[in-house]
Protein chains: 2
Amino acid sequence: MAIVPLYRRDARHPQAQACAACEVRGSALFGALDDAGLDHIHTHIASVEITPDQPVYARGEAGAAVFTVRAGIVRFERSSPHGDRRIVRLAGRGDLIGQEALLQRPYADEAIACTPVQLCRIPRHLVDQLATAQGSLPRELMLRWQVALDASEAWVAELSSGPAHRRLLHLLLRLARLGEPGGPVWLPRREEIGAMLDLTVETASRLVSRLRREGVIELLPPRAARIDLAALERALNSEGTG
Amino acid sequence: MAIVPLYRRDARHPQAQACAACEVRGSALFGALDDAGLDHIHTHIASVEITPDQPVYARGEAGAAVFTVRAGIVRFERSSPHGDRRIVRLAGRGDLIGQEALLQRPYADEAIACTPVQLCRIPRHLVDQLATAQGSLPRELMLRWQVALDASEAWVAELSSGPAHRRLLHLLLRLARLGEPGGPVWLPRREEIGAMLDLTVETASRLVSRLRREGVIELLPPRAARIDLAALERALNSEGTG
DNA sequence: CGAGCCGTTGAGGGGATTCAAGCTCAGTGG
DNA sequence: CCACTGAGCTTGAATCCCCTCAACGGCTCG
């Protein structure tokens, strides 16, 4: 974990004005804060960069901080005592992760970077301060919690239900939304697709190959792809009726 | 929906002192409130009773209230545009449901009573009042949100992963925890089991019958069963190694 | 008593897994 | 430079789990 403190006003610092200029400010946790508020907090928030497949935090760890995702994709994993692991959710730009820490609770999942990830690390006590001083923060927090809950329930409904082919289509739809609109999307390894959709690597591979032949996706190795959204929609619709 | 206002001090009222005497007070949303606080809110909270298979609220509805579950089991459903429906989570005694309403958002799921359910209906504005007046409430709220998020992620990991036999064992384990310890548990209809585990009725029936033959559960029709927790544990363990 | 819902069981088929082999590609060291 | 290696991906063949289609019995209720 590369941790760099943020000094908003020191223009010589590479992370100068990072909070104020943060591209996700409008949708991030402190989006509603004015400059005075930023002055108060900016010295406590650190910018964190994580390389793919490195953990942000581990399940059971007594966390002292929450994170906002500034860029990249984070996955949440749980594994059974028997060893099989399952990816239960993804988070992307603007999402708040590790909220359990605010309740002095251990982290509930393994959080691992899928792509290069940029995070803002926010100490627990800092949120506590703002929660008492300001009125708007709790509401922002609850919003994040609800977003996470909604994402998790949608994961059950879309990525854990029905035939494998449809589950993969839904996954691609999500990946497309997580990336730049129209741009190439991050494509997980086959083993990761399997962990997301509860499939074996072989089945994941077969299905991806099939979509490639059908023209729904164009592979851009390694770990990227271009998605034909129109073809994807078509495939999803013909899925139900066929 | 049978709605009965709660008048805490009117001893002639059947719901008299319901808030003060509420069995789930210690673990419920207003658990931390003192009597003075109760005085303020008790006239605004209504007791709601719902019969099995009746909705608490519908997805998309602009909700003006959250609910705490005082007794019974509530299920959350989502259905795809193609018509197939999936149960994504269960809630039981002490759980807070419909929290989206606090954010002026439409309800995210269909919430439907599985068993006879008793709820406390808490208007949104009441929570807003308490949130500004008291400091402890937001924390309680966040705790509920985290409980729901955790339940949803566990649903992915346990009830949507692996072979159907193991998924059913995990479901029975949950149902046992939702009911009285040692007592009979509520057993969903086969169709409902199917919607929870993404199975057909036939497969659900076959698996239940198998567990009955193996002595893991004893059916107590209609819609109840006794579970041999030791046998269940054994079955879950031999599952992984076999 | 017949209608309808729920649960059960059987037979057959299909989709996903398992086991296995071969491929590409980047990194390594001769 | 190129064989060697290992990780990731792909494909094939056989097996198995679960689905589909179907029939039937128990039960409630009009």
Side-chain angles (χ1 to χ4, degrees), chain A residues 51-53 82-87 114-115 159-172 186-214 216-225 235 238-242, chain B residues 51-53 80 82-86 114-115 159-172 186-214 216-225 235 238-242:
Chain A
T51 55
D53 295 326
H82 295 314
D84 23 275
R85 101 184 202 289
R86 179 84 200 258
I87 295 173
C114 289
T115 67
L159 301 187
S160 303
S161 305
H165 184 250
R166 185 197 307 167
R167 301 210 297 274
L168 179 57
L169 290 173
H170 278 291
L171 175 60
L172 292 179
W186 167 71
L187 194 71
R189 286 174 303 153
R190 304 299 174 269
E191 186 275 335
E192 288 172 315
I193 294 180
M196 294 179 194
L197 306 180
D198 194 37
L199 297 174
T200 59
V201 265
E202 295 95 329
T203 306
S205 173
R206 275 184 251 268
L207 293 175
V208 169
S209 296
R210 176 176 155 192
L211 290 184
R212 180 172 43 74
R213 283 191 292 270
E214 291 172 351
V216 175
I217 66 173
E218 174 193 356
L219 298 185
L220 308 171
R223 238 145 280 187
S238 65
E239 246 279 336
T241 62
Chain B
T51 55
D53 295 325
S80 78
H82 294 315
D84 23 278
R85 99 184 203 289
R86 179 83 199 258
C114 289
T115 66
L159 300 188
S160 304
S161 304
H165 185 250
R166 185 196 308 166
R167 301 210 297 275
L168 179 56
L169 291 173
H170 278 291
L171 176 60
L172 292 179
W186 167 72
L187 195 69
R189 288 172 312 173
R190 303 299 173 269
E191 185 274 338
E192 289 172 315
I193 295 180
M196 294 179 194
L197 306 179
D198 196 36
L199 297 174
T200 60
V201 266
E202 295 93 331
T203 307
S205 173
R206 276 184 249 268
L207 292 174
V208 169
S209 297
R210 176 177 156 194
L211 290 183
R212 179 171 43 74
R213 283 190 292 270
E214 291 172 353
V216 175
I217 66 174
E218 173 194 356
L219 297 186
L220 308 172
R223 239 146 279 187
S238 63
E239 247 278 337
T241 61

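Chain letters run A, B, ... following the sequence lines, proteins first and then strands; every chain starts at 1. Side chains are part of it too, since the values below use all heavy atoms of this structure and drop only hydrogens, waters and symmetry mates.
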Minimum side-chain heavy-atom gap A/Arg189-A/Val201 below 4.5 Å = no
State whether A/Arg167 and B/Asp198 are salt-bridged, where the test is any N-O pair (Lys NZ or Arg NE/NH1/NH2 against Asp/Glu carboxylate O) under 4.0 Å. no
Taking every heavy atom of B/Ser160 against every heavy atom of A/Ser160, the minimum-distance pair comes out as CB-CB, 3.6 Å
Between A/Ala204 and A/Gly194, the two heavy atoms sitting closest are CB-N, 4.4 Å
note: B/Arg189, atom CZ; D/dT28, atom P; distance rounded to Å ~ 16 Å
Per atom distances to the B/Arg213 side chain, the nearest of D/dC9, D/dT10, C/dT9 is C/dT9
To the nearest angstrom, the CG-C1' distance between A/Asp84 and C/dT18 comes to 16 Å
So the salt bridge (charged side-chain N to carboxylate O under 4.0 Å, His left out) pairs with at least one residue in residues 203-213 of chain A (sequence neighbours excluded) are A/Arg210-A/Glu214
Note: contacts of residues 190-202 of chain A with DNA chain C (heavy atom, under 4.0 Å) are A/Asp198, A/Leu199, A/Thr200, A/Glu202
Rounded to the nearest 0.5 Å, the CD1 atom of B/Ile217 sits from the CG atom of B/Leu187 at a distance of 5.5 Å
Checking all strands, does B/Pro163 fall into the base, sugar-phosphate, or nothing category for heavy-atom contacts under 4.0 angstrom?
sugar-phosphate
Whole-Å distance, A/Leu168 CG to C/dG15 P, equals 16 Å
With sequence neighbours left out, the residues meeting side-chain hydrogen bond (donor to acceptor under 3.5 Å, both in side chains) with B/Arg85 are B/Glu77, B/Glu191
Please tabulate the protein-to-nucleotide N/O contacts below 3.5 Å involving nucleotides 24-26 of chain D, giving atom names and distances.
none

note: A/Arg167, atom CZ; C/dG15, atom C1'; distance rounded to Å ~ 11 Å
To the nearest angstrom, the CZ-P distance between B/Arg166 and D/dC18 comes to 11 Å
Residues of residues 203-211 of chain B with a heavy atom under 4.0 Å from any atom of DNA chain D, listed by number, are B/Thr203, B/Arg206
In short, A/Leu219 meets A/Val208 closest at the heavy-atom pair CD2-CG1, 4.2 Å
To the nearest angstrom, the CG-P distance between A/Leu219 and D/dG8 comes to 17 Å
Are B/Leu199 and B/Arg190 close enough, and set up right, to give a side-chain contact (heavy atoms from CB on, under 4.5 Å), and what steps lead you there? CA-CA 9 Å; B/Leu199 297 174; B/Arg190 303 299 173 269; over 6 Å; no
Problem - Side chain A/Arg223, main chain A/Pro188, donor-acceptor under 3.5 Å - result: no
Separation between CG (A/Leu172) and CD1 (A/Ile193), nearest 0.5 Å, reads 7.0 Å
List, with names and distances, any nitrogen or oxygen atoms from the protein found under 3.5 Å away from nitrogen or oxygen atoms belonging to nucleotides 23-28 of chain C.
none

Heavy-atom nearest pair, A/Glu239 first then A/Arg166, reads OE1-NE, 3.2 Å
Here the gap from A/His170 atom NE2 to A/Leu159 atom CG, rounded to the nearest 0.5 Å, amounts to 7.5 Å
